[in-house]
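Nothing here was measured: the structure is a model prediction, and the numbers come from that model. Just so it is clear, the values below take in all heavy atoms, side chains as well, and ignore hydrogens, waters and symmetry mates. All residue numbers refer to positions in the sequence shown, counting from 1.
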Amino acid sequence: MYCTLIKKVNITKNEKLTRIATNKNTNYIGIGGTNGFVQIVDLDVTRTRPPDSTQQPQSQLSFSQVLQSHTSDVSIIVWNDNYNKLTTCDTKGVMIVWRNVNGTWDTEMINNREVSYITDLKWSKQGQFICFIYADGHAIVGTVEGNRAWGNDIRNSLYLVEWSPDG
């Protein structure tokens with residue numbers, strides 16, 4: 001069996017979408033695109049009855065927020081489902097962790113190494129750690145609180161990262 005959700009999401013800028021990610025524990029999706037475009041959409045749909053009761057109820061997305069901090073194309077967008085944080089990276093190597101504070105999404109941490117770009121990142125299964133790798137072989141592990149736990153230069157090009165099942 002297959003299920004498809006079709007819902008038009010208005011993009012406030014004239015950007016091309018490059019990435020999308022869903023949070024498994026909430027109804028949020030994160031959308032990334034060209035020129036640093038990032039948007040969070042809550043898929044909870046509210047129904048409103050038109051004034052003319054003969055028409056069908058209209059459905060609207062209950063929440064949408066454009067996040068502004070990236071200046072180049074968004075290349076990675078990943079959720080930390082357990083802590084409800086969104087992580088985005090752009091082609092210049094800037095990584096941003098976003099969090100929801102009283103209904104508004106804001107930056108929690110910005111990492112800009114300025115030497116290379118991030119090729120991949122993954123949150124650990126429990127969401128307590130994040131590992132991100134750069135094309136030039138630099139690898140960093142950080143905590144959900146934003147502290148650096150480990151870093152190393154591998155001296156090889158790195159493209160993908162994965163956590164072992166036990167973290």
Side-chain angles (χ1 to χ4, degrees), residues 9-43 63-167:
V9 176
N10 291 330
I11 306 301
T12 58
K13 296 181 178 180
N14 199 10
E15 306 296 344
K16 293 181 182 177
L17 300 183
T18 58
R19 300 287 182 258
I20 188 168
T22 59
N23 186 317
K24 295 178 184 80
N25 297 333
T26 67
N27 293 317
Y28 289 120
I29 61 171
I31 301 168
T34 56
N35 300 315
F37 178 77
V38 177
Q39 184 171 357
I40 295 189
V41 178
D42 186 348
L43 292 179
F63 174 84
S64 179
Q65 181 181 343
V66 175
L67 309 178
Q68 298 176 350
S69 283
H70 287 289
T71 59
S72 65
D73 296 353
V74 173
S75 56
I76 300 172
I77 188 164
V78 176
W79 282 99
N80 179 333
D81 297 324
N82 295 336
Y83 289 87
N84 196 30
K85 294 182 181 193
L86 180 69
T87 308
T88 56
C89 301
D90 64 31
T91 54
K92 288 185 178 177
V94 175
M95 179 183 77
I96 302 175
V97 178
W98 308 86
R99 67 182 171 137
N100 189 334
V101 179
N102 300 323
T104 302
W105 289 87
D106 200 5
T107 57
E108 179 179 67
M109 182 191 78
I110 298 177
N111 183 33
N112 186 0
R113 191 161 160 256
E114 297 180 352
V115 177
S116 183
Y117 63 94
I118 295 173
T119 57
D120 197 18
L121 70 85
K122 293 278 189 320
W123 285 96
S124 63
K125 184 177 179 181
Q126 297 79 18
Q128 297 171 331
F129 295 96
I130 186 171
C131 181
F132 48 103
I133 56 173
Y134 291 87
D136 67 358
H138 195 70
I140 297 174
V141 174
T143 66
V144 72
E145 294 87 14
N147 299 317
R148 185 178 179 144
W150 177 84
N152 199 357
D153 280 316
I154 309 297
R155 297 186 186 162
N156 287 316
S157 296
L158 298 175
Y159 299 101
L160 298 171
V161 64
E162 187 60 71
W163 288 91
S164 66
D166 63 357

Can you find a pair of side-chain heavy atoms, one from [X] and one from [Y], that are under 4.5 Å apart?
| X | Y | value |
| --- | --- | --- |
| Phe129 | Trp163 | yes |
| Met109 | Met95 | yes |
| His70 | Phe37 | no |
| Phe132 | Asn111 | yes |

Enter the distance from [X]:[atom1] to [Y]:[atom2] here, rounded to the nearest 0.5 Å.
| X | Y | atom1 | atom2 | result |
| --- | --- | --- | --- | --- |
| Cys131 | Trp150 | SG | CH2 | 6.5 Å |
| Ser64 | Ile31 | OG | CD1 | 7.0 Å |
| Asp42 | Gln65 | CG | CD | 11.5 Å |
| Thr18 | Ile76 | OG1 | CD1 | 10.5 Å |
| Lys125 | Asp81 | NZ | CG | 12.0 Å |
| Asn80 | Gln128 | CG | CD | 9.5 Å |

message: Within a 6.0 Å radius of atom OH on Tyr134, are there more than 12 heavy atoms belonging to other residues, nucleotides or ligands?
response: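 Yes, OH of Tyr134 has more than 12 neighbouring heavy atoms, counting only those of other groups under 6.0 Å.
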
message: Can you confirm whether Arg148 is buried at CZ, in the sense that more than 12 heavy atoms of other residues, nucleotides or ligands lie under 6.0 Å from that atom?
response: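 Atom CZ in Arg148 is crowded, with more than 12 foreign heavy atoms closer than 6.0 Å.
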
message: Under a 3.5 Å threshold, yes or no: a donor from one side chain and an acceptor from the other, between Asn84 and Asn25?
response: no

message: Just by distance, no angles: are the side chains of His138 and Ser116 close enough, under 3.5 Å, to form a donor-acceptor pair?
response: no

query: Can you name the nearest heavy-atom pair linking Cys89 to Ile118, along with the distance?
result: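 In this case the closest contact between Cys89 and Ile118 is SG-CD1, 3.8 Å.
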
State whether the side chain of [X] and the backbone N or O of [Y] hold a donor-acceptor pair below 3.5 Å, judged by distance alone.
| X | Y | answer |
| --- | --- | --- |
| Thr34 | Lys16 | yes |
| Trp79 | Ala21 | yes |
| Asp153 | Arg155 | no |
| Asp120 | Val161 | yes |
| Arg99 | Lys85 | no |
| Trp105 | Trp98 | no |

